[in-house]
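Okay, structure first, notes after.
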Amino acid sequence: MIPVLIPSLPETDAIVPYLRRIDQSHIYSNYGPLSRDFTAKLCGFVSERAGGAPVAATITGNGTSAIELALRYRIGGRRGGLCLMPGYTFIATAHAAVNVGLEPFFADVDPETLSLTPAIAERALSLAEGDVAAVVVVSPYGAPIDVPAWEAFEAAHGIPVVFDAAAATLNLTRVGAQPLCVSLHATKALGIGEGGAILTTDADLVAQTTAMTGFGFSASSRVSEVRGGNFRISEYAAAVGLAAFDGLDARIRQLREASLAYVQGFDRIGVRMQPGFGTEWLTMTVNALFEPAAANAVTAAFDAAGIQWRRWYGTGCQAHPAFATCRHDGLARTASVSAGAIGVPFFPAITRDQIGEVCACVERALATR
């Protein structure tokens, strides 16, 4: 069997030096020295990739809480109203909106990029009956986000925009005031087990959302100034994160080599992938894109060959019972997009032979349809 994903974090020996720092400090949580060092490392890494702009971050317990806190800040604590978002996303996006008192309104996606675009969002606004309080833009599987286009959208419509960039930590080429929320889950290219972050150039946003992660306390006070909760990471999670940064260059090389092997293999047999994957950006959740009928033939062949696969976003948020009553814009393309996007085996240690076996299985399935 070829597994669809094998999460991998730094091994014990790589983490031990950081654990010894915890032993010496006797600080285990509450924004300790390792947490601060990890935050600085993350900001520096993203800033370098985003052209050197100064980036600030709030570290959270997971990616979903990052979206929640960013939304809470951007809507000013109000409750009620709609949150426009793509129907084709991981269900956490919808949960985050509901958890801050908004009702998801699902919009369609572009079939080439799998993403919500400003043009699609504008059409959806005309169909949404009610006040749209916020828009959550999703980076599908880590693909780069057109930040300037969404800055223009927000300026034109006056609706706050938040980015669910869960898998895009390696691919943030521009960071502005609009919050970019990433996941640091073990399944991501940069993971710490469980964790998340809000990345932005807005220092006030970071100050406020960081306070929200610790019961609303400011850095110098035990007075709860804003409503929040306990969304912090422990020093142990930060230790994993610092060790992950130590090995990140080697990990990126592994991901790039495996990604290019897929690009070459699928290009040879005429199978589409997300635009720019492997050559311009990297991720841990790799998809081959088919027409729905072809996808069914491929997944049947995978099952017969013992090759695991996934529809990572299922068939859309609207298909989940918890969100089945939410309104949407008709979702004209979502069904075919979700049926045709097939997650193929991918992880840092995947071999060229395994990738070749996956590509060969797809080729046979398409040839015998």
Side-chain angles (χ1 to χ4, degrees), residues 31 35-36 38-79 81 83-85 92-93 96-97 99-102 132-139 145-166 168-169 172-184 195-221 223-233:
Y31 317 110
S35 178
R36 295 195 299 271
F38 175 72
T39 304
K41 282 265 192 183
L42 180 62
C43 290
F45 175 80
V46 172
S47 176
E48 183 178 351
R49 288 176 166 248
V55 174
T58 293
I59 306 298
T60 63
N62 52 64
T64 308
S65 59
I67 302 169
E68 289 182 26
L69 296 181
L71 277 172
R72 190 181 302 178
Y73 175 86
R74 295 233 67 202
I75 64 176
R78 61 174 287 186
R79 299 184 70 84
C83 184
L84 178 65
M85 65 179 68
T93 317
N99 289 349
V100 298
L102 301 179
V132 177
V135 176
V136 177
V137 178
V138 174
S139 156
I145 297 169
D146 188 352
V147 173
W150 287 104
E151 289 173 336
F153 175 93
E154 181 170 332
H157 297 280
I159 302 173
V161 171
V162 169
F163 298 116
D164 175 355
T169 308
L172 301 177
T173 57
R174 179 183 171 96
V175 179
Q178 294 167 322
L180 287 145
C181 303
V182 301
S183 171
L184 301 170
I198 305 169
L199 297 155
T200 179
T201 58
D202 185 338
D204 183 65
L205 187 156
V206 166
Q208 290 288 308
T209 55
T210 298
M212 290 177 192
T213 66
F215 306 106
F217 297 153
S218 66
S220 58
S221 169
V223 176
S224 184
E225 297 175 356
V226 295
R227 292 185 178 181
N230 186 0
F231 302 102
R232 299 166 293 195
I233 63 168

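Taking OG1 from Thr60 and CG from Asn230, the interatomic distance works out to 11.5 Å, rounded to the nearest 0.5 Å. For the atom pair OG of Ser65 and CE of Met212, the computed distance is 12.0 Å after rounding to the nearest 0.5 Å. Taken to the nearest 0.5 Å, the CG atom of Leu69 stands 11.5 Å off from the CD atom of Gln208.
In terms of heavy atoms, Ala66 sits closest to Ala197 at CB-O, 3.8 Å. Taking both residues in full, the closest heavy atoms of Val226 and Ala211 are given as CG2-CB, 4.0 Å, listed atom of the first, atom of the second, then distance. Considering every non-hydrogen atom in both Ala70 and Cys181, the closest pair reads CB-SG, 3.6 Å. The heavy-atom pair separating Leu172 from Ala165 by the smallest distance is CD2-CB, 4.3 Å.
Although no hydrogens or angles enter the test, the distance criterion places a donor-acceptor pair under 3.5 Å between the side chain of Thr200 and the main chain of Ala177. Side-chain N or O atoms of Ser183 include none that pairs as donor or acceptor with a backbone N or O of Asn62 at under 3.5 Å. The backbone N or O of Val206 sits less than 3.5 Å from a side-chain atom of Thr58, completing a donor-acceptor pair. Of the possible polar contacts, none joining the Ser221 side chain to the Ser218 backbone as a donor-acceptor pair under 3.5 Å is found. Although no hydrogens or angles enter the test, the distance criterion places a donor-acceptor pair under 3.5 Å between the side chain of Thr201 and the main chain of Gly176. In terms of modelled atom types and a separation under 3.5 Å, the side chain of Tyr31 and the main chain of Thr210 share a donor-acceptor contact. The main-chain N or O of Val161 is found under 3.5 Å from a side-chain atom of Arg74 such that the two form a donor-acceptor pair.
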I'd like a table of donor-acceptor pairs (distance under 3.5 Å, sequence neighbours excluded) in which one partner is a side-chain atom from residues 38-45, with atom names and distances.
from  : atom 1 : to    : atom 2 : distance (Å)
Thr39 : OG1    : Ser35 : O      : 2.8

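For the pair Val147 and Phe163, the minimum side-chain heavy-atom distance is below 4.5 Å. By the 4.5 Å heavy-atom criterion applied to side chains, Val175 and Val46 are counted as neighbours. With contacts defined as side-chain heavy-atom distances shorter than 4.5 Å, the pair Leu180/Ile198 does not qualify. You'll find the side chain of Pro179 reaches within 4.5 Å of the side chain of Leu205, heavy atoms only.
Taking the side chain to side chain contact (heavy atoms under 4.5 Å, CB included) definition, one finds that Phe217 meets it with Phe215, Arg222, Ser224, sequence neighbours left out. In this structure Ala96 satisfies the side chain to side chain contact (heavy atoms under 4.5 Å, CB included) test together with Thr64, Ile67, Glu68, sequence neighbours excluded.
A 6.0 Å sphere centred on CD of Glu225 holds more than 12 heavy atoms belonging to other residues, nucleotides or ligands.
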Evaluate the criterion side-chain contact (heavy atoms from CB on, under 4.5 Å) for residue pair Ile59 and Thr213; output intermediate values, then yes/no. CA-CA 8 Å; Ile59 306 298; Thr213 66; over 6 Å; no
Please walk me through it: do Val182 and Leu199 pass side-chain contact (heavy atoms from CB on, under 4.5 Å)? CA-CA 8 Å; Val182 301; Leu199 297 155; 4.0 Å; yes
One pair to check against side-chain contact (heavy atoms from CB on, under 4.5 Å): Leu102 and Ile75. What are the steps and the verdict? CA-CA 10 Å; Leu102 301 179; Ile75 64 176; 4.1 Å; yes
Given side-chain contact (heavy atoms from CB on, under 4.5 Å), test Thr209 with Phe231 step by step and report yes or no. CA-CA 10 Å; Thr209 55; Phe231 302 102; over 6 Å; no
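Just one residue in the list Val136, Ile159, Val135, Val137 forms a side-chain contact (heavy atoms from CB on, under 4.5 Å) with Leu84, and that residue is Val135.
For the residue pair Gln178 and Glu151, no side-chain donor N or O sits within less than 3.5 Å of a side-chain acceptor on the partner.
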